[in-house]
Amino acid sequence: MVSAGIAGLILFAAVAFFLIIGAPISISVGIASVLAMFSILDPENALQTSAQRMFTGMNSFTLLAIPFFILAGVIMNNGGIAMRLVNCAKVLAGRMPGSLAQTNVLANMMFGSISGSGVAAAAAVGSTMAPMQEKEGYDRAFSAAVNIASAPTGMLIPPSNTLIVFSLVSGGTSIAALFMAGYIPGILWGIACMIAAFIIAKRRGYKSNEKVPFKVALKVFIDAIPSLLLIIIVIGGIILGAFTATEGSAIAVVYALLLSFIYRTIKIKDLPRILIESTRTTAIVIFLIGVSTIMSWVMSFTGIPRLIADTLLGFTDNMIIILIIMNIVLLIVGTFMDPTPAILIFTPIFLPIALQFGMDPVHFGIMVVFNLSIGTITPPVGPVLFVGARVAKLKIEQVIRPLIPFFAVTVVVLLVVTYIPDLSLWLPKLLGLIE
């Protein structure tokens, strides 16, 4: 049997190799983890342990929230909810320069906070806003950049599947506390995008919306209330302890389905297609969690987290520098790895270091998710980037340059959130979710 250090080397070398040859991240992680397991245990025990770890990783009541929230998001994406939220955002944006761009940001924040998916927000809101902005003379690349940059806010503003995954990996950090902690950072991300859009729109002379009559605005708000009530019902129920996050996710599905039937935007015959679409997405996420659990076990057995912690602490004991290093690593990782496997792999490595410096796990979780959410809008893998470009009918290269100012402001907000813990912790403390 080779040493544990060599097993760790096999693990990371195999993951890198399979990613380079173009294998899916789940397959790369799974095969690499099993190969590393073979170097630690005999073949029979290695296979048994791998299967047990994979089953244990997926056998969680908390994880049931993910397929339900995914299904709720797919239902809302097909249920005419996006247009009502866009209309509401359009009224809220008022007569600001580039008001349609501001509308796009606000709509993404609202839709993302309901669906919990940056990709869903980019697709639903982007497909609605793109024709409107093009008609008003907006540059298509600028419109796409605004949509792409603001879509991931829903990964921070609850309900958020990535925060649920972090709760599981971090050893049971309160989902309610994480949900509340995501509000201010997520809203700050959106505000930063609105400021950047305002400056660019002012320079280019983009028109503002015409003044909306009070009666029309009131009707728009009333139409949007049923959709927005979903947030209050689900998040409010979780915070008040009326039900768990998993039970709340099931309630979200029922509510979204009833609302779509009332709007008459979904018919019974559409349900098989919706269920198949959500099942495919769920299968990818849950399989990733399963294989990443094998990797986490191997890393724990080989002592990789402790080795990395000792190396970092041997390099410096300055918390500011340590956090900068973590942010840089996570930003780089986010450019080629989806948030879910990245959380599963890097939380066990960085969380012990953060805790050693007295960092609250809720604050740390928001920092990690914020970093990896930025990764969804950056090449070469960024799923939100690809969906946003496809919706705008543009090539990726056409979107990159106008996206740079938005990327810059989100990184600034990331640093602010990283070094001002109360931005994440104030709401959970106010509600008594953490001390």
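- The two atoms that bring Asn147 and Ala122 nearest to each other are ND2-O, 3.0 Å, heavy atoms only.
- Note that CD of Gln52 is 11.0 Å distant from CG of Leu47, once rounded to the nearest 0.5 Å.
- Formation of a donor-acceptor pair under 3.5 Å by the Asn59 side chain with backbone atoms of Phe55 is not found in this model.
- Using a 4.5 Å heavy-atom cutoff, the side chains of Ile238 and Thr244 are not in contact.
- Judged purely by atom type and a 3.5 angstrom limit, His363 has no side-chain atom pairing as donor or acceptor with the backbone of Asp422.
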task = Apply side-chain contact (heavy atoms from CB on, under 4.5 Å) to Phe350 and Leu355, showing your working.
result = CA-CA 9 Å; Phe350 287 151; Leu355 294 177; over 6 Å; no
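- When all heavy atoms of Val369 and Met155 are compared, the pair lying nearest together is CG1-O, 3.7 Å.
- Atoms CE and CG, on Met367 and Leu323 in that order, are 5.5 Å from each other to the nearest 0.5 Å.
- Atoms CD1 and CD1, on Ile377 and Ile400 in that order, are 9.5 Å from each other to the nearest 0.5 Å.
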Could you walk me through whether Phe142 and Val399 pass the side-chain contact (heavy atoms from CB on, under 4.5 Å) check? CA-CA 7 Å; Phe142 167 72; Val399 179; over 6 Å; no
As a quick check of understanding, evaluate side-chain contact (heavy atoms from CB on, under 4.5 Å) for Val329 and Asn371, giving each step before the final call.
CA-CA 9 Å; Val329 171; Asn371 270 287; over 6 Å; no
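- For the pair Arg140 (side chain) and Lys393 (backbone), a donor-acceptor distance under 3.5 Å is present.
- Side chains of Trp426 and Ile420 form no contact here, defined as non-hydrogen atoms less than 4.5 Å apart.
- Side chains of Met194 and Leu106 form a contact here, defined as non-hydrogen atoms less than 4.5 Å apart.
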Task: CA sep, side-chain torsions, deciding dist, call: Ile164, Phe179, side-chain contact (heavy atoms from CB on, under 4.5 Å) - done: CA-CA 9 Å; Ile164 294 173; Phe179 277 4; 4.1 Å; yes
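- A donor-acceptor pair under 3.5 Å is formed between the side chain of Ser39 and the backbone N or O of Ala36.
- The environment of CZ in Arg280 is sparse: at most 12 heavy-atom neighbours from other residues, nucleotides or ligands sit within 6.0 Å.
- With contacts defined as side-chain heavy-atom distances shorter than 4.5 Å, the pair Ser424/Val362 does not qualify.
- The shortest distance between side-chain heavy atoms of Cys193 and Val146 does not fall below 4.5 Å.
- Distance alone, capped at 3.5 Å, is enough to place a donor-acceptor pair between the Ser167 side chain and the Thr173 backbone.
- Among the candidates Leu271, Leu275, Ile266, the single residue satisfying the side chain to side chain contact (heavy atoms under 4.5 Å, CB included) test with Ile75 is Ile266.
- Rounding to the nearest 0.5 angstrom, the gap separating the OG atom in Ser150 from the CE atom in Met109 is 9.0 Å.
- The number of heavy atoms from other shown groups lying within 6.0 Å of CD1 (Ile21) is above 12.
- A distance-only check finds a donor-acceptor pair linking the side chain of Asp270 to the backbone of Lys267 [under 3.5 Å].
- Ile289 has its side chain out of reach of Val169: every pair of non-hydrogen atoms, C-beta onward, lies at least 4.5 Å apart.
- In this structure a side-chain-to-backbone donor-acceptor pair under 3.5 Å is missing from Ser160 to Ile157.
- Taking CD1 of Ile434 as the reference point, atom OG of Ser174 lies at 8.5 Å (rounded to 0.5 Å).
- The minimum heavy-atom distance linking Thr162 with Ile343 is given by the pair O-CD1, 3.6 Å.
- Ile294 and Ser33 make their closest contact through CG2-CB, 3.6 Å (heavy atoms, listed as atom of the first residue, atom of the second, distance).
- Between Leu425 and Asp360 there is a side-chain heavy-atom pair separated by less than 4.5 Å.
- Of all heavy-atom pairs between Asn161 and Ala65, the closest is OD1-O, 4.5 Å.
- For the ring pair (Phe, Tyr, Trp, His ring centres under 6.0 Å) with Trp189, the lone residue among Phe406, Tyr183, Phe370 that qualifies is Phe370.
- Side-chain atoms of Phe364 and Met326, non-hydrogen and from C-beta on, do get closer than 4.5 Å to each other.
- Side-chain N or O atoms of Thr376 include none that pairs as donor or acceptor with a backbone N or O of Leu372 at under 3.5 Å.
- Applying the 6.0 Å contact sphere to CZ of Arg401 captures no more than 12 heavy atoms from other residues, nucleotides or ligands.
- Side-chain atoms of Thr49 do not come within 3.5 Å of backbone N or O of Ala46 as any donor-acceptor pair.
- The two residues Val291 and Val29 come nearest to each other via the heavy atoms O-CG1, 3.8 Å.
- From Ile345, atom CD1 reaches atom OG1 of Thr347 across 10.0 Å, with rounding to the nearest 0.5 Å.
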